[in-house]
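Quick notes on the structure that follows.
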Amino acid sequence: MHNGKARLMKTVHVILLTAFAAGLAAVTPAIGQEENIATESNAATNGSEPLEGGPLRTMPHGTYQCARPGDAGGAAFEVDEDQSFRIFTASRYESGDGAGTYIMRGTSLTFTRGPRNGERFERIGNNQLRKLAADGTRSNLLCTRLGSR
């Protein structure tokens, strides 16, 4: 009789622990979402806009040459050296005006510090970025990675 009672107690404990674990798993994503909402509201109160969603990523390191399309009567493209930059370790970039940091979420890259703070790009290939205008529309400036230097 004692052995059957012990088995019943173990079964009850297993059921209670399973229910507790399931409840904890159901609550955990909500905690993470509350933190994201708090971060976005802090961004709104400190004057910066919340960043677009998506997984954090980085771009391949190297020099990104930026150019605009040319015309049929001349060069195929016109390089804009003032817009070119170099990406290196720790989500950092360097341009002719100085260095700073960037964040990339999904396909959206934003310079977050430095001389190009606030400039936004859309990743359109493994090694290419399209600059976005202030209103979020695509510009005709395309930046392509030349390689590591």
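These values consider heavy atoms only, across backbone and side chains, with no hydrogens, waters or symmetry-generated copies.
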Is any side-chain heavy atom of L132 closer than 4.5 Å to a side-chain heavy atom of R138?
yes

Minimal heavy-atom distance between A99 and R92, with the atoms involved, is CB-NH2, 4.0 Å

Consider only side-chain N and O atoms of D135 and T137, and report whether a donor and an acceptor are under 3.5 Å apart.
yes

By the salt bridge (Lys or Arg N to Asp or Glu O under 4.0 Å) test, which pairs, at least two apart or in different chains, include something from residues 123-132?
E119-K131

Using side-chain heavy atoms (C-beta onward) and a distance below 4.5 Å, is I124 in contact with L142?
yes

Point-to-point distance, once rounded to the nearest 0.5 Å, from OG1 of T144 to CG of L146:
7.5 Å

Going by atom types alone, do S91 and T58 pair a side-chain donor with an acceptor below 3.5 Å?
no

Output for pair (E81 CD, S84 OG), nearest 0.5 Å, gives 4.5 Å

Partner set under salt bridge (charged side-chain N to carboxylate O under 4.0 Å, His left out) for D80, not counting sequence neighbours
R68

Would you confirm whether S139, through its side chain, and A133, through its main-chain N or O, come within 3.5 Å as a donor-acceptor pair?
no

Could you pull out the closest heavy-atom pair between N127 and P60, with the gap in Å?
OD1-CG, 3.6 Å

Is R116 reaching over with its side chain to a backbone N or O of Q83, donor-acceptor style, under 3.5 angstrom?
yes

Other ILVMFWY residues reachable from L129 by side-chain steps of under 4.5 Å:
M59, Y64, F85, I87, Y93, Y102, M104, L109, F111, F121

List the atom of P69, the atom of N140, and the distance in Å for their closest heavy-atom pair.
CD-O, 3.3 Å

In terms of heavy-atom contacts, R120 and G136 come closest through NH2-CA, 3.6 Å

Side chains of E122 and Q128 in contact at under 4.5 Å (non-hydrogen atoms)
no

Minimum heavy-atom separation for A67 to V79, with atom names?
CB-CA, 3.9 Å

